[in-house]
Amino acid sequence: MSSTSIDSLLHENRRFAPEPAFTAQANATPELYDEANADRLKFWARQASELLNWHTPFTQTLDWSNPPFARWFHDGRINVAYNCLDRHVEAGNGDRVALYFEGEPGDTRTITYAELTAEVKKAANMLASLGVTQGDRVVLYMPMIPEAIVAMLAIARLGAIHSVVFGGFAAESLKARIDDAGAKLVITADGGYRKGRVFNLKNAVDAALASGAESVENVVVVRRGENEVDWSDGRDLWWHELMADAEAEHEAQGFEAENPLFILYTSGTTGKPKGILHTSGGYLTQAAFTHKNVFDLKPESDVYWCTADVGWITGHSYVVYGPLANGATQVIYEGTPDSPHPGRWWEIIEKYGVSLFYTAPTAIRSFMKIGREVPNQYNLATLRVLGSVGEPINPEAWMWYRQVIGGGRTPIVDTWWQTETGAMMISALPGITTAKPGSAQVPLPGISVDVLDEQGVHVGKEAGGLLVITEPWPSMLRGIWGDEQRFVDTYWSAFEGKYFAGDGAHLDEDGDVWLLGRVDDVMNVSGHRLSTMEIESALVSHDIVAEAAVVGASDETTGQAVVAFVILKQRHVDSLTPEEASDQLRAHVAQQIGAIARPRQIFVVAELPKTRSGKIMRRLLRDIAEGREIGDTTTLTDTNVVASISASFR
Ligand code: 6R9
């Protein structure tokens, strides 16, 4: 938490009151807060009953008798896929478009709720015929195509558990996740499009399975990239061939509200990613409630677009479950924002008349760098709510987003939440909240947060500390897959009975929350969570490295960037130039973890600064990586180390 960021927040005085015309038609009302404040559990019970369809209604809202293990609506029975599909068709909305798919090469598909329901029913029968049943884990490793959504919903329909692994992760990371989840099936594609080229996904699955992942019985392959793939007869099966033979009818069965829905791996402070476990009824309640009220969704008329990939939590809650539970019409786009031209996103907004748009600050900042001339060429007048997620949005990016993309009219909702929280927790409500650029502002109705000092004392107004969540919430994680103790230790041990989020926060004079970034060893690069430890482990796994330290240095576009400092093994010091070593190691990290983890810079150094107790002084390394004056070094064992590092930096 640097003092400069706190200062700049304190000087942000711009305010944007809601437009009366927006307020008059808004889904949210100020009474939502009153209702939730009066009786939080009754409030969530009402949302769960009104927003969702229950096979068997619940009678108990929350069982918190064994904290931190929560059970929400646990005696109710529900089918998540039925809520996202069949019930909209049964209500007469089968002809409404569910998905406008835009492939990167420009191919398109329009899929109605009736069509999506029919596909998911067939896919559920297909998976059942491969032996997938309640509680089984299925790993998805796919491009952003409709089949990814069909597969997720088909797995949910069977009461099985999906674990989506982002297609940018390398084979090693994929294997570790398949092993940890004990998946019996992998669904992938031959390849997907990115920046005008096909990237091969099937290869990585083959590599993962060649070196382990023995739980996997079959690999189902969607044809997308039409690239050559290796085939393992008996194990590998084409999606389209199985679907052609699948039965059309499938009746959705109700499962317990606490039936696991998915595992999603995310970076923590140690090297091993955590399998965050989410369940059904509570998760879907909060995903649907927040999507409806934070975006002011009018399912009959809005066109919604969230740019996240389904490999991330935002893609789970705000591409798949929230929008589809609410019967929304949405755009999904396969490729990158600037392919084949820098106006691609704005062209898509104009083409489909997108009205609700959800993206990340890193994307906004990269568009700012290109300039407003690009979006100005497109008609963006249909936009009426703009959302931001993934990292703090700096006030300048917020203003640009509102003025250049939102034409100075649209409310902006800066939504704070995490893989672990499952759904949005802190956000303005459009039409209700007077917005402050750069602040996520207020907990949503039914959510209780606080900012505490290290002793656990509330910090009061105009002060900074650590963000905690003080009451259980419906979409909270239910655990870490296979590691109960890590769940308790990571989130519930810092402050008695409270969830510790890992973020620093500041409360302003109104008590509004300003997020300040992670306080642990987790970096946030382009809105993606990466662990310093995980990248250090990858570096030291390379033969030439003796020791490595990784820091997140601030970066104008990506928020933070990975910067590594490595000490080479003696025998390589003279045989490799620092440039050669750096090139090899950057490629190695990309191959071990994925391209998103590739360090921006690697500095080959002779020593690393350590405290007397042997801890690497990351703060100093960050100072060096960001080109600042070196701070206090009095606890350093050898102050010359810093001088020699900064010398090699130049
Ligand atoms: C949804 C998502 C979670 C971490 C979180 C925080 C950062 C997310 C933010 C934000 C400030 C926002 N974060 N949204 N920081 N303002 N609106 O991104 O989940 O990938 O698990 O990351 O992202 O640091 O702790 P996840």
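Just so you know, residue 1 is the first one in the sequence shown, and it goes up from there. Both counts, for ligands and for their atoms, begin at 1 and track the order of listing. The structure presented is a predicted model; accordingly, all values stated were derived computationally and were not measured.
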**Message:** Whether the Lys369 and Thr557 side chains hold a donor-acceptor pair (N or O, under 3.5 Å, no angle test) is what I'd like checked.
**Reply:** yes
**Request:** Kindly say whether the aromatic ring centers of Trp44 and Phe289 come within a distance under 6.0 Å.
**Result:** yes
**Request:** Kindly write out the residues that satisfy side chain to side chain contact (heavy atoms under 4.5 Å, CB included) with Gln455, not counting sequence neighbours, or none if the list is empty.
**Result:** Asp453, Val457
Write none if no such pair exists; otherwise list each N/O atom of ligand 1 with its protein N/O partner under 3.5 Å and the distance.
unit_1, atom_1, unit_2, atom_2, d
ligand 1, 13 (N), Gly390, O, 3.3
ligand 1, 14 (N), Gly390, N, 3.1
ligand 1, 15 (N), Pro392, N, 3.4
ligand 1, 16 (N), Glu391, O, 3.4
ligand 1, 17 (N), Asp414, OD1, 2.7
ligand 1, 17 (N), Thr415, O, 2.8
ligand 1, 19 (O), Thr419, N, 3.4
ligand 1, 21 (O), Thr419, N, 2.8
ligand 1, 21 (O), Thr419, OG1, 2.5
ligand 1, 21 (O), Arg529, NH1, 2.8
ligand 1, 23 (O), Gly390, O, 3.2
ligand 1, 24 (O), Asp503, OD1, 3.1
ligand 1, 24 (O), Asp503, OD2, 2.8
ligand 1, 25 (O), Gln418, NE2, 2.9
ligand 1, 25 (O), Asp503, OD1, 2.7
ligand 1, 25 (O), Asp503, OD2, 3.4
ligand 1, 25 (O), Arg518, NH1, 2.8

**Request:** Classify the ring geometry between Trp305 and Phe357 as parallel (under 30°), tilted (30 to 60°) or perpendicular (over 60°).
**Result:** tilted
**Request:** Could you walk me through whether Ser280 and Asn259 pass side chain to side chain donor-acceptor pair (under 3.5 Å), step by step?
**Result:** CA-CA 6 Å; Ser280 304; Asn259 192 54; 4.7 Å; no
**Message:** For a quick check under 3.5 Å, do Glu534 and Ser267 share a side-chain donor-acceptor pair by atom type?
**Reply:** yes
